[in-house]
Novice: 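Input: one structure, supplied below.
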Amino acid sequence: MTTGQIIGIVAAVVAVIVIAVVVAVVAKRKSVKGDIKGKDGSRMAAIDTSREIIARNSKSYDALVALYDEKITDAELKDKLAVCGKDLRYLAPSVKKSIYAIDEKISDKIDDLKVAFSKKEIDAKDVEEALFAVRKALGDRSVEY
């Protein structure tokens, strides 16, 4: 092997390494640009925060439905409430800022559902509308994810 061939091989290897580093840096910038950071600045802490929000929303929703279960007479509405609860329970955590915002929106919509349930006489239409808002937020989250 001549010196020229060795230099050519070394140059090719260096070029491949440089390209790999550039691709890795660009990919990292894209993934971090729209991400949230946890309390300690790490992505794992952000995932934990996302899990906490999901768990809080799910528990709040489940407690709300259990509290007013006896007052709900419409079987179809009960089924819709159960499906929504299952969907809330099994959301995947994310570090995306847009998903974080939607998770907070879901929390607000659950609060709207509380208002619909807390009326003296529960109006199925009001509950359906509030439930639709929660389902819509869940749909927005799945599209964004």
Side-chain angles (χ1 to χ4, degrees), residues 1-69 72 74-119 122-145:
M1 195 178 276
T2 66
T3 306
Q5 290 173 330
I6 293 173
I7 292 173
I9 292 171
V10 169
V13 169
V14 169
V16 168
I17 292 171
V18 168
I19 290 171
V21 168
V22 168
V23 168
V25 167
V26 169
K28 181 160 177 72
R29 282 188 184 159
K30 283 183 180 178
S31 69
V32 172
K33 188 175 182 182
D35 293 350
I36 60 170
K37 300 289 184 198
K39 294 173 188 170
D40 65 356
S42 72
R43 289 174 54 90
M44 286 308 294
I47 291 282
D48 290 341
T49 301
S50 180
R51 283 188 183 121
E52 289 170 9
I53 293 169
I54 291 168
R56 181 188 68 215
N57 284 344
S58 178
K59 287 176 185 176
S60 177
Y61 181 88
D62 289 344
L64 179 68
V65 172
L67 184 64
Y68 292 100
D69 187 52
I72 303 168
D74 185 359
E76 185 179 339
L77 180 56
K78 280 188 177 189
D79 290 342
K80 288 179 183 179
L81 289 165
V83 169
C84 187
K86 183 178 176 185
D87 291 345
L88 281 167
R89 199 171 304 116
Y90 297 111
L91 290 175
S94 175
V95 295
K96 287 185 176 180
K97 286 181 183 178
S98 56
I99 297 291
Y100 182 81
I102 292 171
D103 285 343
E104 291 297 327
K105 180 180 176 183
I106 289 170
S107 181
D108 292 342
K109 299 304 174 186
I110 291 171
D111 288 341
D112 293 346
L113 189 60
K114 286 178 191 173
V115 170
F117 273 129
S118 65
K119 293 179 180 175
I122 294 178
D123 182 10
K125 182 183 173 205
D126 290 343
V127 173
E128 288 262 1
E129 288 174 2
L131 181 62
F132 178 78
V134 173
R135 302 276 316 151
K136 184 178 180 315
L138 285 168
D140 293 345
R141 189 184 194 280
S142 68
V143 167
E144 190 66 33
Y145 196 79

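Position 1 is the first residue of the sequence, and the numbers go up from there. Note: hydrogens, waters and symmetry copies are ignored here, and every other heavy atom, side chains too, is used. Bear in mind the structure is a predicted one, so any value in this text is a computation, not a measurement.
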Novice: Are any non-hydrogen side-chain atoms of Ile122 and Val127 less than 4.5 angstrom apart?
Specialist: yes

Novice: Whether the side chain of Ser118 engages the backbone of Lys114 through a donor-acceptor N/O pair (distance < 3.5 Å, no angle test) should be reported.
Specialist: yes

Novice: Can you tell me how far the CG atom of Asp48 sits from the CD1 atom of Ile53, to the nearest 0.5 Å?
Specialist: 11.5 Å

Novice: If you look at every heavy atom in Glu144 and Lys96, which pair is closest and at what distance?
Specialist: O-NZ, 3.2 Å

Novice: Contact between Ser50 and Val95 at the side-chain level, heavy atoms closer than 4.5 Å - yes or no?
Specialist: no

Novice: Side chains of Phe117 and Asp126: closer than 4.5 Å at any heavy-atom pair?
Specialist: no

Novice: Is the side chain of Ser60 donor-acceptor paired with the backbone N or O of Asn57 at a distance under 3.5 Å, no angle test?
Specialist: no

Novice: Are Lys119 and Asp123 close enough that some pair of their side-chain heavy atoms sits under 4.5 Å apart?
Specialist: no

Novice: Do Tyr90 and Ser58 have side chains that approach each other closer than 4.5 Å (heavy atoms only, starting at C-beta)?
Specialist: no

Novice: Closest approach of Arg141 and Ala92, non-hydrogen atoms and distance?
Specialist: NH2-O, 2.7 Å

Novice: Distance from Leu91 atom CG to Ser142 atom OG, nearest 0.5 Å?
Specialist: 9.0 Å

Novice: Please report the shortest heavy-atom distance between Lys105 and Asp140, naming the atom on each side.
Specialist: NZ-OD2, 3.4 Å

Novice: I'd like to check Asp62 versus Arg89 (side-chain heavy atoms, cut-off strictly below 4.5 Å). Are they in contact?
Specialist: yes

Novice: First locate atom CE of Met44, then atom OG1 of Thr49, and finally report the distance between them rounded to the nearest 0.5 Å.
Specialist: 11.0 Å

Novice: Can you see which heavy atom on Ile110 is nearest to which on Leu64, and at what distance?
Specialist: O-CD2, 4.1 Å

Novice: Can you check side chain to side chain contact (heavy atoms under 4.5 Å, CB included) on Lys78 and Val65, steps first, answer last?
Specialist: CA-CA 9 Å; Lys78 280 188 177 189; Val65 172; over 6 Å; no

Novice: Among Asp112, Ile106, Leu113, which residue meets the side-chain contact (heavy atoms from CB on, under 4.5 Å) test with Lys109?
Specialist: Asp112

Novice: Is the closest side-chain heavy-atom distance between Thr2 and Ile7 below 4.5 Å?
Specialist: no

Novice: Do you know which two heavy atoms are closest between Leu81 and Ile72, and how far apart they sit?
Specialist: CD1-CD1, 3.4 Å

Novice: Can a salt bridge be assigned to the pair Lys97 and Glu104 using a cut-off of 4.0 Å between side-chain N and carboxylate O?
Specialist: no

Novice: For Lys80, is there an ion pair with Glu76 - N to carboxylate O distance below 4.0 angstrom?
Specialist: yes

Novice: Closest approach of Tyr61 and Cys84, non-hydrogen atoms and distance?
Specialist: OH-CB, 3.3 Å

